[in-house]
Novice: 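Quick one: structure below, then a few questions.
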Amino acid sequence: MTAEPDGPEDRLRRFATIWSRAVFPVTSTSLTRPEFEQQLVPLARRLSDALRARTFDASEGQAVGAALVAAHCTDPEALSRALDCVDAYLVLYCGEDGPQEALRTRSARLQHAMAAGFAQALRERTLAEQEAISQAALNARSAVAEALHASEARFRAVFEGAAIGIGIADLEGNILQVNGALLRMFGGSEQSMRGRRVPEWTHPEDAPQVWRLYEELVRGEREHYHVEKAFYRPDGTALWTNLTVSLLRDADGEPQYQLALMEDTTERRLLNLRLRYEATHDALTGLPNRTLFFERLEKALSAGEGQRFGLCYLDLDGFKTINDSLGHAAGDRLLVEVADRLQSCATAPGEMVARLGGDEFVALTTGPDTEREVDALADRIMNALVTPVRIDGRELTVRGSIGIVEGPAGERGPAEVLRSADITMYRAKSAGGNRFELADPEADARAITRHGLTTALPAALDRGEFFIEYQPLVHLGDGSVRGAEALVRWLHPQHGVLGPDRFIPLAEHTGLIVPLGRWVLEQSVRQARAWQERHANAGPLRINVNLSPCQLTHPGLVQDTVDILEREGLDADALCLEVTESALIGADDDLLKPLRRLAEMGVDIALDDFGTGYSNLANLRRLPVSILKLDRSFTQGMQQFPADPVDLKIVEGIVSLAHSLDLAVTVEGVETGAQAEQLRILGCDTAQGWYYARPGPPERLHELALVDATG
């Protein structure tokens, strides 16, 4: 009998147990370890909730860090152990199978917040202790006349027993006394410490105001100051401290001594530097990550007048294939090798390389002459990728597409620059890859518009922003209106009326073409039924509706068509579905089966744009089509007089072939009477174009049909 899997609460308590075992040995508390563990359970729960929260809240991690100080975990080793425990076990026990990379990034940010909260709470506690010590020192000296010996004993107890370093010096900087904590911090003897003077303790990383504040204090112009300062230990290593220096005055209020209180922050600083590095560098390649890159890019874009920037946005071509065929481990090794090569390309001042994620990298160059430098940088990157990479005994060819953005600082923000580089990179990729392209503002605008239209498509259908215009189909023999082609339009709130060429490819790419096509079919069939009822004496009017390749492969095509025809009460022979020739090139029986079923029901199938798909004419015999729609490119030569004899022969041959196969011929793009007459002579059956009418509302067809019916 297998054990039930642990629930979230069990895993949470197990994490708290591991945490307590790690931290308890270095915690100054009177609690037992189980009692201490109970104190950590709510802190573990806060970390767990923050790890899985929808948005990151740094205050949760800071609160946990402060709570550790409140629980007497004030030793720097306690913080280090706590962070190591969170790093190793928080995602494991509290991640609940979420996306691991995102959870580990969140965990690292929580650790950083914990360290910040711990440091702040410890600083506040230390300042309170420092205040008490300073007060004790002042009280001790001011009460000499009343209780000199008792005060001296009290001060000595505080001085020697304090956990922070304390030193007393005269106003000339001669060190008079130091306590044991200060000696341990510096690692020297009391005699060596007393042999030094305060002004000698300079460090290259001293802030500019440190020694100005010191001079003001010893002159009696300020009572105290607080700074972060580094010192050299006798062995040459750095000691980082939170330093508070106070001025001690005598009974007459005259400056007499200076009192220094030091808190050792070396370990905490190293820990913060480590966390900062982990938060700003990619764990796999060691390159700067998206966070650090955006900081550098923002700084470059806000540089002064005359400064420029150049950005190369690189995406590896075919990287997914390598991951899928060789595995992610091989893909990771490839990324590491690429990162090393890229890093060797950007070594000049003002240049950097970063990994944004996946197989996307960026290289940045800054300075006054980036127009030339960014092209050279892109060349170096492309050359660095030429040499194949050996992984597991295989030689892998690495190719990449680069989008380049270059310009003056101060004109654009980081997000806009990166978006332009991303768009340009995809333009290079769509042009065949293994190349770089320069950003083009007009191409960017078109891509942004396409993206905006793509994201707006689903809501546009729900909001009823689409409408249909109808272009008449005219019989060339007697000039009667035989029907119309339905042409969908989009009334966009910002861009106005958009033709199908602007949004149908986007709808096909997103899959929205299926519900949109169903809506067009339903509206068109309903309109055809209305025409028949209104013009019963005008003869049958057929409606032509376009089908996209995506609709052809949709399993509900036949059933949707049957349901719509039955619901609207329209006969199948009043509907014609138009399919482009290119969509049926090489079509197998599975693709043709739905069209055959529709044709058997009586629905006409028209082969649209015939003559542009380079298909084998012999295929016409196996396609379930009844109409050929001749592309307008064959009739353009008939607009002039005399007509192009080659075009006449081609059209005559196509019409003869179609009629021999019992196919009707419809011609698109008829714009002149001469064209219409020539096509009639050649034997074409129906035509449409601006000569007869432009696409318009359904009422326009009412008028044309009415004129035709009345003579």
Side-chain angles (χ1 to χ4, degrees), residues 4-23 37 40-68 78-119 271-295 319-320 323-324 327-336 339 354-361:
E4 289 293 321
D6 290 342
E9 188 64 24
D10 293 326
R11 292 195 293 272
L12 181 71
R13 289 192 170 276
R14 189 170 300 171
F15 170 65
T17 300
I18 295 172
W19 189 1
S20 68
R21 287 174 177 167
V23 175
E37 179 180 328
L40 294 185
V41 169
L43 304 185
R45 185 171 285 107
R46 293 187 74 166
L47 289 177
S48 176
D49 292 342
L51 178 71
R52 294 177 285 104
R54 178 175 297 180
T55 57
F56 176 71
D57 185 359
S59 65
E60 286 297 300
Q62 293 168 359
V64 171
L68 288 176
L79 174 62
S80 179
R81 292 189 182 191
L83 292 176
D84 288 341
C85 182
V86 171
D87 183 58
Y89 298 105
L90 179 60
V91 173
L92 179 65
Y93 285 102
C94 303
E96 295 187 7
D97 300 325
Q100 293 299 300
E101 185 174 350
L103 288 173
R104 292 214 165 275
T105 301
R106 177 69 64 84
S107 174
R109 297 178 69 184
L110 281 173
Q111 294 171 55
H112 195 280
M114 281 178 62
F118 182 93
L271 180 61
N272 284 334
L273 290 175
R274 191 195 82 186
L275 292 174
R276 166 67 179 169
Y277 181 88
E278 292 176 354
T280 57
H281 286 75
D282 177 52
L284 176 65
T285 63
L287 291 178
N289 63 10
R290 179 183 290 269
T291 300
L292 183 55
F293 169 73
F294 263 89
E295 291 179 6
F319 179 72
K320 184 178 184 301
N323 259 350
D324 293 344
H328 288 274
D332 286 349
R333 289 199 292 276
L334 176 63
L335 291 175
V336 171
R355 182 190 178 202
L356 297 185
D359 59 330
E360 295 180 340
F361 298 85

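None of the values given here were measured: they were computed from a predicted structure.
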Novice: Does His112 offer a backbone N or O that forms a donor-acceptor pair with the side chain of Arg276 under 3.5 Å?
Specialist: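 Not confirmed, Arg276 side chain does not pair with His112 backbone.
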Novice: If you compare all heavy atoms of Ala44 against all heavy atoms of Ala16, which two are closest, and at what distance to 0.1 Å?
Specialist: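 Ala44 and Ala16 have their closest heavy atoms at CB-CB, 4.3 Å.
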Novice: Show the nearest heavy-atom pair for residues Ala63 and Arg46, with the distance to one decimal.
Specialist: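 It is CB-NH2, 3.5 Å.
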Novice: Which pair of non-hydrogen atoms, one from Val91 and one from Ser107, has the smallest distance, and what is that distance?
Specialist: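 Residues Val91 and Ser107, closest heavy atoms: CG2-CB, 3.9 Å.
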Novice: Hey, does Leu43 have a side-chain heavy atom less than 4.5 Å from the side chain of Leu47?
Specialist: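 No, side chains not in contact.
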Novice: May I ask you to decide whether Arg109 forms a salt bridge with Glu60, counting only side-chain N to carboxylate O separations under 4.0 Å?
Specialist: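 Looking at Arg109 and Glu60, the cut-off is not met.
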Novice: To the nearest 0.5 Å, what is the distance between OG1 (Thr17) and CD (Glu37)?
Specialist: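 Going from the OG1 atom of Thr17 to the CD atom of Glu37 covers 3.5 Å.
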Novice: Considering residues at least two apart in sequence or located in another chain, which fulfil the ring-ring contact (aromatic ring centres under 6.0 Å, His included) criterion with His281?
Specialist: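 Checked His281 against ring-ring contact (aromatic ring centres under 6.0 Å, His included); matches are Tyr277.
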Novice: How would you list, by chain and number, every residue that makes a side-chain hydrogen bond (donor to acceptor under 3.5 Å, both in side chains) with Glu360, sequence neighbours excluded?
Specialist: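 Partners of Glu360 by the side-chain hydrogen bond (donor to acceptor under 3.5 Å, both in side chains) criterion, ordered by chain and then number, come out as Tyr313.
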Novice: How long is the span from the CG atom in Leu273 to the CD atom in Glu278, to the nearest 0.5 Å?
Specialist: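 It is 11.5 Å, given to the nearest 0.5 Å.
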Novice: What's the shortest heavy-atom distance between Asn272 and Ala115, and which atoms?
Specialist: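 Closest heavy-atom pair between Asn272 and Ala115: OD1-CB, 3.4 Å.
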Novice: Distance-only check: which donor-acceptor pairs under 3.5 Å involve side-chain atoms of residues 78-90, not counting sequence neighbours?
Specialist:
from, atom 1, to, atom 2, distance (Å)
Arg81, NE, Glu77, OE2, 3.2
Arg81, NH1, Ala22, O, 3.0
Asp87, OD1, Gln111, NE2, 3.2

Novice: Considering residues at least two apart in sequence or located in another chain, which fulfil the side-chain hydrogen bond (donor to acceptor under 3.5 Å, both in side chains) criterion with Asp57?
Specialist: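 side-chain hydrogen bond (donor to acceptor under 3.5 Å, both in side chains) check on Asp57 returns Ser59.
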Novice: Rounded to the nearest 0.5 Å, how far apart are CG of Leu92 and CZ of Arg11?
Specialist: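 These two atoms lie 9.5 Å from each other.
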Novice: Could you tell me whether a side-chain N or O of Thr105 sits under 3.5 Å from a main-chain N or O of Glu101, the two making a donor and an acceptor?
Specialist: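 Confirmed, Thr105 side chain pairs with Glu101 backbone.
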Novice: Can any side-chain N or O of Asp10 pair as donor or acceptor with the backbone N or O of Arg13 at less than 3.5 Å?
Specialist: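 Checking the backbone N and O of Arg13 against the side chain of Asp10, no donor-acceptor pair under 3.5 Å is found.
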Novice: For Ala339, give me all partners under side-chain contact (heavy atoms from CB on, under 4.5 Å), at least two apart in sequence or on another chain.
Specialist: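 Counting only residues at least two positions away or on another chain, Ala339 forms a side-chain contact (heavy atoms from CB on, under 4.5 Å) with Thr285, Leu287, Phe361.
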Novice: Show the numbers, then the answer: is there a side chain to side chain donor-acceptor pair (under 3.5 Å) between Ser48 and Arg52?
Specialist: CA-CA 7 Å; Ser48 176; Arg52 294 177 285 104; 3.0 Å; yes
Novice: Counting only heavy atoms from other residues, nucleotides and ligands, does the tally under 6.0 Å from CD of Gln100 exceed 12?
Specialist: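 Atom CD in Gln100 is packed in, count exceeds 12.
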Novice: Kindly give the heavy-atom pair with the smallest separation between Asp332 and Leu284, and that separation in Å.
Specialist: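 Scanning both residues, the minimum pair turns out to be OD1-CD2, 3.8 Å.
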Novice: Sequence neighbours excluded, which residues qualify as ring-ring contact (aromatic ring centres under 6.0 Å, His included) partners of Phe15?
Specialist: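 Testing Phe15 for ring-ring contact (aromatic ring centres under 6.0 Å, His included), a comparison that skips the adjacent residues, returns Trp19.
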Novice: Would you compute the distance between atom CZ of Phe319 and atom CG of Leu335 and round it to the nearest 0.5 angstrom?
Specialist: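 CG of Leu335 is found 3.5 Å from CZ of Phe319.
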Novice: If I take atom CD1 from residue Ile18 and atom CZ from residue Arg14, how far apart are they, to the nearest 0.5 angstrom?
Specialist: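 CZ of Arg14 is found 7.5 Å from CD1 of Ile18.
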Novice: To the nearest 0.5 Å, tell me how far Leu275 CG sits from Leu110 CG.
Specialist: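 If we round to the nearest 0.5 Å, Leu275:CG and Leu110:CG are 11.0 Å apart.
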